[in-house]
Each structure stands twice: as structure tokens, then as C-alpha cells.
Amino acid sequence: MTGTPLLRARNVRKRFGHTEVLKGVDLDVYPGEVVVLLGPSGSGKSTFLRSVNMLESIDGGAITVAGELVGYERRGSRLHKLPDRKVARARRHVGMVFQHFNLFPHRTVLGNVVEAPIGVLREPRAEVTDRARELLAKVGLADKADAYPRQLSGGQQQRVAIARALAMRPRLMLFDEPTSALDPELVGEVLGTMRDLAAEGLTMLVVTHEVAFAREVADRVVFLDGGVVVESGAPADVLDNPSNPRTRAFLSRFLAA
Amino acid sequence: MDTDSRARSGAPPTTGDEAEVDVATAAPQRHPWRWVAGAVILVLLAQLGHLLVTNHNFEWGVVFSWFNAQSVGRGIVTTLELTVIAMVIGIALGVVLAVGRLSHNPLLRAVCGAYVWFFRGTPVLVQLIFWFNLSALLPRLSVGVPFGPEFVHWNTNALITPMLAAILGLGLNEGAYMAEIVRGGLLSVDSGQTEAAQALGMGRTRTLFKVVLPQAMRFIVPPTGNQVINMVKATSLVSVIALSDLLYTVQAVYNRTFQTIPLLVVACLWYLIITSVLYVGQYFVERYYSRGATRHTPPSFFEFLKIKRKPEVAP
């Protein structure tokens with residue numbers, strides 16, 4: 001990859017109480033790239049993903065998105081923690097899709113998608129509504145605009161959540177185990193939507209256990225274990241020919257299943 | 001089903017005539033005790049009816065003549081005014097206190113906690129009398145620089161009318177209870193909702209008012225309905241500070257005419273009417289805030305008012 005990375009993480013460290021979850025993670029994501037984070041549970045992949053848009057604060061190292069430091073600003077010679085208002089501002093450019101969808105149950109599907117572009121970006125309602133309907137059509141839910149989230153299946157809800165994040169026109173999309181809470185027969189529709197987005201050149205950082213998805217869609221697979229990046233490279237190399245014994249052990253469980 | 005598949009499916013062995021068994025033909029269950037209970041209740045109701053009709057101390061004629069009296073009407077208006085104002089203050093204060101108690105600022109948390117502790121910990125009747133007698137503690141109220149010059153000042157005795165004392169007493173006390181109700185509601189909303197709002201770039205205030213509070217309302221409305229009904233009745237306490245609410249008005253009448261029972265019946269009937277209307281109102285407020293909470297949406301108030309159309313027959 002050439003050019004400057006959209007996401008750059010250097011020596012990122014994070015602890016919860018006495019447990020060190022991230023022990024110095026280095027990771028670059030370049031524009032247009034799809035990077036899949038794999039790793040056993042507890043390896044810190046979700047924590048890392050959440051720290052990219054400040055849902056978790058980090059204890060050491062640094063993360064920059066599009067050249068801007070996440071959560072801190074430099075004033076003079078020292079770093080200062082950003083106030084909530086500026087953190088919120090920075091999050092506009094990073095979309096996030098959650099394991100449990102987290103749609104707003106009191107708003108219709110359309111209401112979910114238009115809320116932030118109207119309320120946060122202050123874009124005109126008519127324009128946002130048109131864009132929202134286009135996005136819903138793109139994820140295959142044009143006819144569900146007036147439904148409430150709880151009237152939809154898990155797979156449909158997750159696709160709405162993707163449309164909601166895309167409505168902010170993010171530069172980077174984070175997916176935190178987007179199919180882990182879904183019934184097996186619904187996983188395909190969500191992965192299909194994500195595959196389309198990848199083909200359009202959206203920059204994506206995906207935490208998942210779907211090895212087949214990683215193999216097919218990812219430009220790069222990063223294997224995280226024990227709070228550090230153990231292995232990173234093209235899917236074919238990491239998945240079919242892992243050099244690290246821990247990666248091999250993890251993958252053998254998935255490929256055997 | 002052959003023996004083999006039965007063994008495999010784990011069904012218990014049967015005698016072989018299960019084909020003729022159909023639970024649809026079962027006899028209806030009998031409930032003899034319901035009939036006994038019904039008979040007892042009927043007798044008690046008959047006794048009550050008998051008492052209401054034959055006991056002349058009810059003086060129903062007096063009840064009906066005072067039911068629509070102008071003075072009683074003015075008392076009702078005062079009761080309703082007081083209920084509405086005290087509840088509006090209570091709810092607004094409750095939201096502020098609840099948000100304060102959930103704040104990241106430890107000082108704010110402590111202050112809001114202390115407020116709730118104090119106002120829930122002392123009787124509302126005492127608080128009412130206290131506000132009414134505020135001038136005994138602070139004869140003069142003023143606005144100015146702390147420990148410095150005053151800009152404006154008032155004579156407390158003139159400022160604190162019975163109505164203001166009642167509003168302060170009931171409203172500030174209600175705020176403490178509402179704070180706990182609102183706090184419970186806010187805590188019942190999944191933290192994933194806040195995270196989703198934050199991830200979309202919403203600030204704290206927007207997240208609270210657009211995402212968390214509307215969902216918390218579902219948990220806030222039922223106990224608040226309770227509080228409103230309590231408030232209607234709690235306003236009767238203000239008769240101790242000589243504010244002419246519904247109870248004070250009928251008391252004033254029966255102190256003159258000695259028709260105590262019929263006038264108390266008048267007051268009770270009006271309290272029942274007011275609380276019944278509120279009860280119906282609460283149902284529709286609850287319905288509004290349960291939008292999207294269930295897969296099936298019951299009719300709204302306006303849909304409810306329309307005459308139901310017959311379901312169309314599919315072609």
C-alpha cells in the first residue's frame with residue numbers, strides 16, 4: 001500500500017484494572033483498504049476497535065485518524081485530553097456497527113438513519129431523507145423505511161445499522177463482530193452488504209470470526225492475540241500459511257469446524 | 001408412528017389407542033369457588049347499596065346541591081392548578097436532579113443526592129408549614145452580591161402567599177421523588193444506545209434528549225402517573241395553610257352547616273372524577289412512549305376515537 005494511512009495506531013496500550021488488554025498494538029489502515037482483525041476472545045480486538053472512536057480511552061501510545069490524533073490535542077509542547085464536544089466532532093468521520101445493532105427502538109428505520117445527519121451535521125432534512133432512502137435501497141430495505149427496528153429480523157436490523165452509519169459519510173467504518181448476534185441463516189445477508197461496500201472502496205476495519213469472509217473480502221488480515229499483533233498480511237498468507245503457532249492453533253479450530 | 005421411530009424420538013410407550021384421543025373434546029374446567037366468591041361479593045355489595053340508600057346521614061340531597069356549587073368549583077380549580085404547577089416543577093426538577101446524580105462531576109452528584117435525601121426524608125406536611133412560616137426564619141429576602149450589596153429585597157411575609165408556599169412545598173418535595181423515578185428510567189436504557197449515539201457524533205445533551213430520555217419515558221410514565229394521582233390528593237394538605245383548595249372549601253362549608261358527611265362525599269366524588277380522568281390520560285401517554293417497544297402497535301388516541309372499520313376481506 002502506498003500513501004499515508006487513514007488509521008495509524010502506534011504502541012496502543014490499555015488496561016482494565018489489573019488486566020492489560022492491549023500491550024502495544026501497531027496497525028495501519030490505508031484508504032480503500034479492508035482490514036479484518038481476527039483473534040481469540042479476550043485478545044483485545046474489540047477494545048482496540050472501540051478505542052479508534054474513543055468509546056474506550058487508551059492508556060498509552062497513540063491513534064490517529066486522517067492525520068488527527070484521537071481523543072487528544074497538542075497545545076504547545078504537551079498533549080491535552082479533548083473535551084467531550086470535540087470528541088463528538090471527531091467521531092463524525094468514523095462509522096461504527098455494533099454486535100447488537102443498537103438501533104434506536106423508538107425511531108422508525110428512516111428516523112434512525114436521518115437522525116445524526118440532520119441533528120449533528122445540520123444537513124437539510126429533504127436532502128438527508130433522499131440519501132437515507134437510497135442507502136436503505138442499497139442495503140435492500142427500501143420497503144422497511146417506516147417500520148420500527150423491533151419489527152425487523154436481526155439481519156435486517158444490522159443492515160439498517162450499516163445504513164445509519166453510512167448516512168454520516170464516514171471516511172472509515174468500524175465493524176465490531178457485526179454477525180455474532182445473528183442466527184446462522186441471517187449472517188449471509190449482512191456479510192453480502194459488507195462485501196458490496198468493500199467493492200465500492202469503503203475503508204473498513206472489521207472484527208469478526210467469519211474466516212471465510214476474511215479470506216474473500218479482506219485486503220489484509222491482522223491476527224491479534226494477548227493484546228499484540230501476532231501476524232499480519234494478505235489473507236492467503238495468514239489464513240492458509242500462518243507462520244505463528246498461535247495463529248495456527250486459532251485457525252485450526254475454525255477450519256476443523 | 002412405528003415402534004422404531006417412537007423409540008428413537010424418545011416418546012413414552014402408549015397403549016396404541018392414542019389416535020382417538022383429542023384434547024379439543026375435553027370437558028371445561030369447573031370453578032366452584034368462583035361462584036362462592038361471587039355470591040359473597042354480591043351480598044356485600046347489596047349491603048353497601050342498602051347502606052347508601054337507607055342511611056339518612058349521607059344526606060344525598062345536600063350532596064347534590066353542593067356538587068355543582070360555585071365555591072366547590074373554585075376549590076377544584078385551585079386543586080387542579082396546584083397539581084399542575086407542582087407536578088411541572090417536580091418533573092423539571094426531577095430530570096435535572098436525576099441527570100445531576102448520574103453526572104461525572106462528583107460535587108454535582110453529591111449536591112443532588114443531598115437534595116433528594118433531605119426532601120424525601122422530611123414529611124411534606126412539615127415542609128408546607130415551614131414554607132408558610134418562612135418569614136419567621138428570614139424576614140427579608142434579597143438578591144445581591146454574596147456578603148456584599150443588595151440589588152432588590154422583599155418582605156417575606158408579603159412575598160410568600162399561601163399559594164406560593166403550597167407550590168414550593170409540594171413542588172420541591174415532588175422533585176426529590178421524581179428524581180429517583182427519572183434516574184431509574186435513565187438507568188434502564190441499555191448502554192449500547194448511548195454508545196450508538198456517541199458513535200454517530202452526538203453530544204451528551206443530544207444523546208440524552210433524543211436517545212436516552214425518550215426510551216426512559218416508558219419506565220418513567222407509569223410511576224409518574226402514580227405521582228400525579230398522589231399529588232391531586234396531596235394538595236388537600238394545603239388546607240392546613242388556609243389555601244382554599246377543594247378540601248378546604250368543603251371544610252369551610254361544613255364548619256358552618258355541620259353537614260360534614262355529605263360535604264366530604266362531595267370532595268371524594270370530585271377527587272375520584274379527577275383521578276379517573278388522569279388514569280385514562282396516563283394510558284395514552286404510556287402508549288405514545290411505547291412506540292417501537294413491541295412488534296405490534298396498539299391504536300393511538302386519535303385512532304382509538306375513530307370508529308373501528310370492519311376488517312377487509314382479502315380478494
Side-chain angles (χ1 to χ4, degrees), chain A residues 49-50 52-56 83-109 111-122 146-153 157 160-161 164-170 172-176 181, chain B residues 95 99-100 102-106 108-109 182 185-222 224 284-303:
Chain A
L49 196 76
R50 289 162 57 80
V52 171
N53 71 353
M54 279 293 281
L55 287 181
E56 297 299 347
D84 290 339
R85 194 171 36 81
K86 288 191 177 175
V87 170
R89 228 187 147 71
R91 286 188 181 123
R92 295 175 182 186
H93 310 298
V94 180
M96 182 141 184
V97 174
F98 297 87
Q99 181 178 355
H100 296 288
F101 333 132
N102 297 357
L103 291 177
F104 306 137
H106 60 299
R107 303 292 305 272
T108 60
V109 163
N112 266 274
V113 180
V114 301
E115 170 60 36
I118 293 173
V120 177
L121 299 180
R122 304 267 167 222
D146 298 320
Y148 283 96
R150 294 216 172 111
Q151 295 166 334
L152 305 181
S153 73
Q157 289 189 51
V160 173
R164 177 175 72 172
L166 289 174
M168 294 292 283
R169 294 196 246 251
L172 171 67
M173 277 281 276
L174 307 172
F175 293 83
D176 189 4
Chain B
V95 172
V99 172
L102 298 172
S103 145
H104 292 307
N105 182 341
L108 193 58
R109 269 204 313 269
V182 174
L186 294 178
L187 288 175
S188 67
V189 178
D190 181 52
S191 62
Q193 291 292 313
T194 309
E195 289 190 348
Q198 287 177 334
L200 287 166
M202 292 191 206
R204 283 163 152 292
T205 316
R206 195 169 186 85
T207 303
L208 176 67
F209 285 105
K210 287 284 180 173
V211 177
V212 180
L213 204 50
Q215 294 182 60
M217 287 306 280
R218 220 158 70 73
F219 303 92
I220 293 173
V221 170
T224 303
F284 288 102
V285 176
E286 269 179 43
R287 262 200 25 78
Y288 175 79
Y289 283 108
S290 67
R291 265 168 321 160
T294 52
R295 290 188 152 218
H296 171 73
T297 320
S300 75
F301 181 63
F302 297 105
E303 286 161 355

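Residue numbers begin at 1 in each chain, while the letters A, B, ... track the order of the sequences. Quick note: numbers below take in every heavy atom, side chains included, and nothing from hydrogens, waters or symmetry partners. The model shown is predicted, which means the values in this text are computed figures rather than measured ones.
For the pair A:Asn112 (side chain) and A:Phe104 (backbone), a donor-acceptor distance under 3.5 Å is present. Of the possible polar contacts, none joining the A:Asp176 side chain to the A:Gln99 backbone as a donor-acceptor pair under 3.5 Å is found.
Here A:Glu115 is the residue among A:Met54, A:Glu115, A:Arg85 with the most heavy-atom pairs under 4.5 Å with chain B.
The minimum heavy-atom distance between B:Ser103 and B:Arg109, with the atom names listed, is O-NH1, 2.9 Å. Residue B:Ser290 comes nearest to B:Arg287 through the heavy atom pair OG-O, 3.0 Å, listed as atom of the first residue, atom of the second, then distance. Among all heavy-atom pairs drawn from A:Leu55 and A:Phe98, the shortest one is CD1-CE2, 3.8 Å.
Residue A:Pro149: no heavy atom, backbone or side chain, is found under 4.5 Å from chain B. Contact annotation for A:Arg50: only side-chain heavy atoms (C-beta onward) come within less than 4.5 Å of a heavy atom of chain B. The parts of A:His106 that come within reach of chain B are both its backbone and its side chain, each placing non-hydrogen atoms under 4.5 angstrom from that chain. Residue A:Leu103 touches chain B through its backbone alone, counting heavy-atom pairs closer than 4.5 Å.
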